[in-house]
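First the proteins, then the strands, lettered A, B, ... as listed; each starts at 1. What you see is a predicted model; the values in this text were computed from it and never measured.
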Protein chains: 2
Amino acid sequence: MTGQAADAPRRSRTPLSRQRVLSAAVALADGGGVDALSMRRLAQEFGVVPMALYKHVANKDELLDGMIDAVVGEIDPPVADADWKTAVRLRVLSARRMLLRHPWASGVIEARMKARTAPTPAVMAYLDSMIGLFRAGGFSLDLVHHAMHIMGSRLLGFSQELFDDGADRAPDPDALPPEEMAARYPHITELAMAVAHDEGSVVGGGCDDQFEFEFALDLTLDGLERLHAAAN
Amino acid sequence: MTGQAADAPRRSRTPLSRQRVLSAAVALADGGGVDALSMRRLAQEFGVVPMALYKHVANKDELLDGMIDAVVGEIDPPVADADWKTAVRLRVLSARRMLLRHPWASGVIEARMKARTAPTPAVMAYLDSMIGLFRAGGFSLDLVHHAMHIMGSRLLGFSQELFDDGADRAPDPDALPPEEMAARYPHITELAMAVAHDEGSVVGGGCDDQFEFEFALDLTLDGLERLHAAAN
DNA sequence: GCCGGGGGTGTACGGCGTCCACCTACGGTG
DNA sequence: CACCGTAGGTGGACGCCGTACACCCCCGGC
């Protein structure tokens, strides 16, 4: 009783905000997988006509972006007062827990990564702070660069080439101005700048995907070899 | 001139086999990405009505499976007379070249992996022979097991959990009988058997995904740490 | 009291995968 | 040579999908 707007049986229960749409979409994808998520299905979750959703999200792509941002935001922030290794470790494990909670997420993130001009803000923030952890541990920019490539698949479930860093892509209509970029994602910017002009560097040169791939592969193989030798 | 069946302007040029359908589908996906591939689009590539394709492939999923098998078959066979490390290295690099040739492949393979009961035969064969390379190098079953988990994302572009090895999945209607399985994929079978009952093992126990993930993560982090230390 | 606009509605279009009934041409058999 | 079974292509329809466009209604501010 005395319910004020929660259960009026006649008109739209709650005004249906972007937040509500997003979380309903996440919930719908959590159970039933990503292809159980259609605009029509989502709309009828609210007892509303499909087009109503478009007053709160631009289109389905933008809906997916919003969902990504939401779940990436669930990843725990880095712990303070820890060496780089445990900090990175904990963060990655937290990311993994998120991905297990939302099994659709890794696929969607990866797909968005491959096609879209820029990752969503939350993903950017996550990557930026991850780079920050390595930097705080004293890693050189080159080494951080390699580290990010190496950990690619572990970081968020997608496999490779997080930043091939433009030039070939379409010129991205709504890119942040550089100063904005630098302010918001200082570590990403720093790294991107370094990669952009350093040609001969400590470990390797530029951002050659093939080189990065082999570098990561060899690191892994060396690790396996060490294990193998130790198991004698 | 004297063309015998190549240019008759009236009736079906060439009878449209499963092979032709598959390669046309691969070509269509190579240019234009995976969502440029629709049954209707593919059909009109042959100047034929969509349903005609269904005489040669069961449905779109089966078409995708066929495409996967085709491109995975492009991966070079292992080189003979080489130590395990270079053999694995060359094979993985060959796989990568294939994935760069067919950018849609990694995504499709990963998606199929996540949902399907068993990978396609060519993928199975690839994994089996990869395991064989490690085994030939003297790796213990446990270590090979870890190695396959670690290299997951590098192996074929998908991220994780190649073999969580059934039990929870749907019982798979058309599974191979065990002896067939063992004959065709000896290394996979051997490894699966070992994982199935060995509980306390050299490196770790059973096939605990969480354990495998952390194991791989730590191997990577250790490798990075070594690089970091060496860079002083 | 009026009015502008945010938010929900209705309809429609083009594309998708695929089921179904149908036809047609061809090779093998009597 | 007549016959027929069948492999392979056809045409249409169904039920989904995302979303463009026009509309309308109701509420808050002037």
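Regarding Phe46(A), its CZ atom lies at a distance of 10 Å from the P atom of dG8(C), rounded to whole Å. In this entry the distance linking CZ of Arg40(A) with P of dC13(C) reads 14 Å, nearest Å. Between the OH atom of Tyr54(B) and the P atom of dT10(D) there is a distance of 15 Å, rounded to whole Å. In this structure, Leu64(B) places its CG atom 15 Å from P of dC16(C), rounding to the nearest Å. Here dT10(D) presents its C1' atom at 13 Å from CG of Leu16(B), a figure rounded to the nearest Å. In this structure, CE of Met51(A) is placed 15 Å from P of dC17(D), rounded to the nearest angstrom. With rounding to whole Å, Met39(A) atom CE is found 17 Å from dA12(C) atom C1'. With rounding to whole Å, His56(B) atom NE2 is found 10 Å from dT10(D) atom P.
Position along DNA chain D of the nearest nucleotide to Lys60(A) versus Ala52(B) favours Ala52(B) as the more 5'-ward residue. Take the nearest nucleotide of DNA chain C for Pro50(B) and for Val49(A): the residue whose nucleotide is more 5' is Val49(A). Residue whose closest nucleotide on DNA chain D sits further toward the 5' end, between Ala58(A) and Ser38(A): Ser38(A).
In summary, of the residues considered (Arg96(A), Arg91(A), Met130(A)), a side-chain contact (heavy atoms from CB on, under 4.5 Å) with Ile75(A) occurs for Arg91(A) alone.
When side chains are defined from C-beta on, Arg97(B) counts as touching Ser94(B), because their heavy atoms get closer than 4.5 Å.
Closest of all the heavy-atom pairs between Val71(A) and His102(A) is CG1-CD2, 3.5 Å. Residues Ile68(A) and Arg112(A) share a closest heavy-atom pair of CD1-CG, 3.5 Å.
For a distance-only test at 3.5 Å, the side chain of Lys55(B) qualifies as a donor-acceptor partner of the base of dG9(D).
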